[in-house]
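Input: a single structure, listed below in structure tokens.
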Amino acid sequence: MIDLKALRDDPERFREGARRKNTDVDIDRLLELDTRQRELSTRQQELKAEQNRLSKEMGPQIGRLIGQLKKASGEQRGAIEREVEQLKAGPQKLKEQIEELDGQIAEIEPELREILLRVPLPPDPDVPVGRSSEDNVEIRRWSSAGFDLARLFEDNKGFSPKSHIELVHELGLADFERGVKLGGARHYVLKGLGARLHYAVLRYAMDFMIQKHGFTPMSVPVIVREDMMVGTGFFPGGRDQAYHIEETRRGAGEDLFLTGTGEVSLMGLHQGEILDEADLPLTYCTTSTCFRREAGAAGKDTAGLYRIHQFDKVEQVVILPADEGESRAWHQKMLGFVEAFLQSLELPYRLLQCCTGDLGAKNADMIDVECWMPGRGRSALRADASGNDAKQDIGSESGATQGDIGSESRSTLGAFGETHSASRLYDYQCRRLNMRYREGGESGKGATVFCHSLNNTVAASPRILIPLLEIHQNEDGSVTVPGALRGYMGGIERIG
RNA sequence: GGAGAGGUGGCAGAGCGGUUGAAUGCGCCGGUCUCGAAAACCGGUAUGGCCUUUUGGUCAUCGGGGGUUCGAAUCCCCCCCUCUCCGCCA
């Protein structure tokens, strides 16, 4: 949530921010409602002050009269009762006026709140302006020795690559048919060494963050209250993306939601708390199962492990004092962790500076990491082999960007595919979550300040298995397990 | 799942229709005393909003929401959470 005061002071900054983010939000309406709301509540507040004053006076008087009433007889009673009624009449009028204002305020509040929750955080001035992911700007790319991203996979390795779909079929690592039988479309089963590889990546990613970078591991709920979804900024905008557990429909409890990322619970941990500045920054990581409805993605990436309803993800989150420099520095650090992680797995990747149109409401800045997927961006020719829908063109949807290799050969193209996303949010999330710290430490008298937060993926599997299998495949159809994972695979060096 | 007890300030804990934003203790901050420290004593110590140039004023908040009342931490309703006992169980 943005700071309403800041919006009053400089509405143009937020109008421009929304424009750059390609977001349609009626800021003038918000200002209008805000002004009206403040007028009404100021007036109401004055009435309440008067009411409180009267009440304090009347309390003892009425108490005394009621005492008399008990002892009084017949005629006296009537006189006393009338006196009490008279006393009550004054505040009664105030009460009616207050209630009327209450009604007026209640009328505008939901709309005000709804708009306020949707006003995006303005992007930082150095974020390139653009409309969609097409306008994202590559920052740098990395590739392991012996693999040249400027050349085709074939030219690098001397053979034509298989897609991960073919590989998991042939090596018996996944079972899509039974996944769909169990959970419907976009479900899958990882089996045997496929499952083992999945867990190996997750455990390695977790240890990487804990042991190398001192992050605190957490095991957190994936079922959360609506507050948490709103507080972390996923609602109301992303309501369609979350699975909704409608407990109230069975007449009990409150509705709950399945989280689409560990970020929700990691950030929600300290909701409503005032933290000790000495404890900051808090650095947390978690492995959690993530659930996404993929609403609006019908027909996209229907085959394979790319876009699915359920996956596991190691997520990193940092909560720090409010400081732009710190925020920027940590953003780079968190990206650095991911780069080192991918390099240790010998997975070529690139960093993409997301443009303003691709940021989402809560980010001031966002940098995506995309891994090179040699089997991606290929036409139906190959996908056909796995018995899946032959009409789709896997390379043309958002989230994947065609390699700039310039080859016309459809069977050997390859593409980058998004595997990580590093967000910098300033106080947008912490303001919603009411998560603060006291300046100058625990015993200080400093003001309470909203924390800043950042988050980034460490590894999301099975999506990360796509480059892992495709990059490390061998000509004989086997896949070499990168050295970093062997310890988590019982020493297995090669699959198949 | 059944029965009961409870949720109050940083913590513990009183209050159970009016003068209570809230006793008291602990903690914390400042001061007195002291060469210094401790002890003792004195004073201070919630969060948010709105109005105000400063000073200050005012409203809201006693798990959350709604209601009764001139007036609610206190009464009523719904929900959430915690604890105890019984039952069941990974």
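So you know, we letter chains A, B, ... as the sequences are listed, proteins then strands, and number each from 1. Quick note: numbers below take in every heavy atom, side chains included, and nothing from hydrogens, waters or symmetry partners.
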Whole angstrom value for the distance that separates [atom2] of [N] from [atom1] of [X]:
{"X": "A:Q51", "N": "B:U19", "atom1": "CD", "atom2": "C1'", "value": "17 Å"}
{"X": "A:R43", "N": "B:C59", "atom1": "CZ", "atom2": "P", "value": "18 Å"}
{"X": "A:R225", "N": "B:G64", "atom1": "CZ", "atom2": "P", "value": "13 Å"}
{"X": "A:K48", "N": "B:G49", "atom1": "NZ", "atom2": "C1'", "value": "12 Å"}
{"X": "A:D102", "N": "B:C59", "atom1": "CG", "atom2": "P", "value": "15 Å"}
{"X": "A:E46", "N": "B:U52", "atom1": "CD", "atom2": "P", "value": "11 Å"}
{"X": "A:L275", "N": "B:G10", "atom1": "CG", "atom2": "P", "value": "14 Å"}
{"X": "A:D227", "N": "B:G63", "atom1": "CG", "atom2": "C1'", "value": "12 Å"}

Short side-chain N/O contact to [N] OP1/OP2 from [X], under 4.0 Å:
{"X": "A:R38", "N": "B:G49", "result": "no"}
{"X": "A:T448", "N": "B:U47", "result": "no"}
{"X": "A:R436", "N": "B:G48", "result": "yes"}
{"X": "A:R8", "N": "B:C50", "result": "yes"}
{"X": "A:K95", "N": "B:G71", "result": "yes"}

Taking [M] as the reference, what is the distance to [N] when you measure between their [atom1] atoms (whole Å, please)?
{"N": "B:G17", "M": "B:C75", "atom1": "C1'", "value": "8 Å"}
{"N": "B:G4", "M": "B:C59", "atom1": "P", "value": "41 Å"}
{"N": "B:C11", "M": "B:G48", "atom1": "P", "value": "16 Å"}
{"N": "B:A3", "M": "B:G27", "atom1": "P", "value": "44 Å"}
{"N": "B:U34", "M": "B:A39", "atom1": "C1'", "value": "11 Å"}
{"N": "B:G63", "M": "B:A14", "atom1": "P", "value": "14 Å"}
{"N": "B:G36", "M": "B:U20", "atom1": "C1'", "value": "43 Å"}
{"N": "B:A23", "M": "B:C76", "atom1": "C1'", "value": "28 Å"}

Find the partner of [N]: check Watson-Crick (N1-N3 plus N6-O4 or O6-N4) and G-U wobble (N1-O2, O6-N3) distances, both under 3.5 Å, and reply none if neither fits.
{"N": "B:U55", "answer": "none"}
{"N": "B:G43", "answer": "B:C29"}
{"N": "B:G71", "answer": "none"}
{"N": "B:A23", "answer": "none"}
{"N": "B:C83", "answer": "B:G4"}

inquiry  = Could you walk me through whether A:F208 and A:H213 satisfy the ring pair (Phe, Tyr, Trp, His ring centres under 6.0 Å) test, starting with their C-alpha distance in whole Å, then the side-chain angles of each, then the deciding distance to 0.1 Å, before giving a yes or no?
reply    = CA-CA 7 Å; A:F208 186 86; A:H213 302 298; 5.1 Å; yes
query = Is the shortest distance from a Lys or Arg side-chain nitrogen in A:R19 or A:E16 to a carboxylate oxygen in the other one below 4.0 Å?
reply = yes
task = Could you tell me whether the side chain of A:L305 reaches within less than 4.5 Å of the side chain of A:F311, counting heavy atoms only?
result = no
ask   = Does the side chain of A:I105 come within less than 4.5 Å of A:Q37's, by heavy atoms?
value = yes
message = Students often get this wrong, so: under 4.0 angstrom with heavy atoms, is A:N52 touching a base, only sugar-phosphate, or nothing?
response = sugar-phosphate
query = Is A:S41 touching bases, backbone alone, or none of the nucleic acid, heavy atoms closer than 4.0 Å?
reply = nothing
task = Give a yes or no answer on whether the side chain of A:H169 reaches the backbone of A:L167 with a donor-acceptor pair at less than 3.5 Å.
result = no
remark   = Contacts of A:T42 and A:A49 projected onto RNA chain B by closest heavy atom; the upstream (5') one is A:T42
request  = Search all heavy atoms of A:S453 against all heavy atoms of A:Q429 and return the closest pair with its distance.
outcome  = OG-OE1, 2.9 Å
Cationic tip of A:K362 above A:F234 ring, under 6.0 Å, 45° of axis = yes
key: Minimum-distance nucleotide to A:Q45 side chain [options: B:U47, B:G49, B:U69]   = B:G49
